Amino acid sequence: MRNLENDPGIKVGGQNINNLRYADDTVLIAENKEDLQKLLNIVEEESRKKGLELNSKKTEVMVISRKQESPKCDIFIHKVKLKLTENFKYLGTIISNDGKTNREISARTAQAKINFQKMKTILKNKHISIETRKRALQCYIEPVLMYECEAWTISKQIQNKLEAT
């Protein structure tokens, strides 16, 4: 991955970013498909030198765009065309090709509702003090709902939906 340091990526705060890594999960980032193919070729070649092989069945491509229809992007590993996806999960967060967080917010809301239903007997039990029930809500429901919320972009439509929930 050190061989990618001077290759194209996107500028974030004046820094060139062309990959995100955590354990064995890697995201390659480029402004166009030629640069992305170049980055992938470097990763594939360097991996091969270390006796590793990229799995084309587990590797996906996503184009983030504000356009109504997402542009096509044909990227290959060993002449095998990679699947183009609309979203993927990275470190527990849904990344969408429209750059919005609507899917992530909906998923978090749904998971929080499921957790609430699982704890409903405790949270509605009048024999348990309100403080204890409040703490249970803050410990077991709120973190599920609010995970990564600082990175959310909330439209008026999503805000109204959240307030109605």
Side-chain angles (χ1 to χ4, degrees), residues 1-48 50 52-116 140-165:
M1 296 308 283
R2 286 183 193 95
N3 291 346
L4 295 179
E5 288 176 3
N6 297 319
D7 284 299
I10 60 170
K11 293 282 185 208
V12 177
Q15 292 284 105
N16 184 51
I17 306 291
N18 59 21
N19 69 86
L20 302 173
R21 297 179 306 227
Y22 184 81
D24 66 342
D25 288 333
T26 301
V27 175
L28 297 177
I29 304 167
E31 286 190 354
N32 57 58
K33 70 180 183 179
E34 293 78 20
D35 289 347
L36 182 59
Q37 185 66 63
K38 180 181 176 183
L39 291 172
L40 185 60
N41 291 345
I42 293 168
V43 169
E44 191 279 324
E45 182 181 330
E46 294 300 320
S47 296
R48 196 171 10 89
K50 302 289 186 197
L52 301 172
E53 188 175 323
L54 297 181
N55 186 337
S56 60
K57 291 177 183 164
K58 289 184 174 181
T59 305
E60 298 178 339
V61 175
M62 184 172 76
V63 176
I64 297 178
S65 173
R66 292 183 184 198
K67 295 179 181 175
Q68 202 69 357
E69 190 173 315
S70 186
K72 300 296 177 216
C73 184
D74 297 336
I75 301 294
F76 300 86
I77 296 178
H78 300 300
K79 299 182 183 179
V80 175
K81 184 177 169 183
L82 299 178
K83 178 185 170 195
L84 189 63
T85 187
E86 292 182 4
N87 61 72
F88 68 95
K89 206 168 210 173
Y90 186 70
L91 303 180
T93 299
I94 298 171
I95 312 292
S96 299
N97 67 348
D98 60 5
K100 296 180 181 176
T101 55
N102 298 8
R103 290 180 186 155
E104 174 66 11
I105 294 169
S106 294
R108 292 268 153 221
T109 304
Q111 188 59 52
K113 284 180 181 180
I114 290 167
N115 286 10
F116 183 88
Y140 298 106
I141 311 300
E142 197 175 296
V144 171
L145 176 64
M146 302 308 288
Y147 179 75
E148 290 284 318
C149 69
E150 18 340 278
W152 293 351
T153 51
I154 300 179
S155 66
K156 201 67 165 159
Q157 177 188 8
I158 292 292
Q159 184 177 355
N160 292 340
K161 187 177 176 180
L162 286 172
E163 289 171 357
T165 303

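Keep in mind the model is a prediction, meaning the values are calculated, not measured. Basis for what follows: all heavy atoms, side chains included, without hydrogens, waters or symmetry-related copies.
In this structure, Trp152 and Leu145 approach most closely via the heavy-atom pair CH2-O, 3.2 Å. Met62 and Ile64 get closest at one heavy-atom pair: CE-CG1, 3.8 Å.
Although no hydrogens or angles enter the test, the distance criterion places a donor-acceptor pair under 3.5 Å between the side chain of Arg108 and the main chain of Val144. Side chain of Asn16 to backbone of Gly9: a donor-acceptor contact under 3.5 angstrom is found. Judged purely by atom type and a 3.5 angstrom limit, Ser155 uses its side chain to pair as donor or acceptor with the backbone of Ile158. Proximity of a side-chain donor or acceptor of Glu86 to a complementary backbone N or O of Asn97 within less than 3.5 Å is not detected. Judged by distance alone, with hydrogens and angles left aside, the side-chain atoms of Thr153 form no donor-acceptor pair with the main-chain N or O of Lys100 at under 3.5 Å.
Checked against salt bridge (Lys or Arg N to Asp or Glu O under 4.0 Å), Lys89 has no partners two or more places apart in sequence or in another chain. Under the salt bridge (Lys or Arg N to Asp or Glu O under 4.0 Å) criterion, Asp24 pairs with no residue, sequence neighbours left out. Applying the salt bridge (Lys or Arg N to Asp or Glu O under 4.0 Å) criterion to Glu45, with sequence neighbours excluded, gives Lys49. Residues forming a salt bridge (Lys or Arg N to Asp or Glu O under 4.0 Å) with Glu142 (at least two apart in sequence, or on another chain): none. Not a single side-chain hydrogen bond (donor to acceptor under 3.5 Å, both in side chains) links Asn102 to another residue, sequence neighbours left out.
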What donor-acceptor contacts under 3.5 angstrom involve side-chain atoms of residues 31-40, with partners at least two apart or in another chain?
residue	atom	partner	partner atom	Å
Asn32	OD1	Glu34	N	3.2
Asn32	OD1	Asp35	N	2.8
Asn32	ND2	Asp35	OD2	3.3
Gln37	OE1	Phe76	N	2.9
Gln37	NE2	Asn41	OD1	2.8
Gln37	NE2	Phe76	O	2.9
Lys38	NZ	Asp7	OD1	3.3

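A distance of 14.5 Å separates CZ in Arg103 from OG1 in Thr93, rounded to the nearest 0.5 Å.
Atom CD of Glu53 has 12 or fewer neighbouring heavy atoms from other residues, nucleotides or ligands inside a 6.0 Å radius.
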*Kindly indicate, with the supporting measurements, whether the criterion side-chain contact (heavy atoms from CB on, under 4.5 Å) is fulfilled by Tyr140 and Asn115.*
CA-CA 7 Å; Tyr140 298 106; Asn115 286 10; 6.0 Å; no
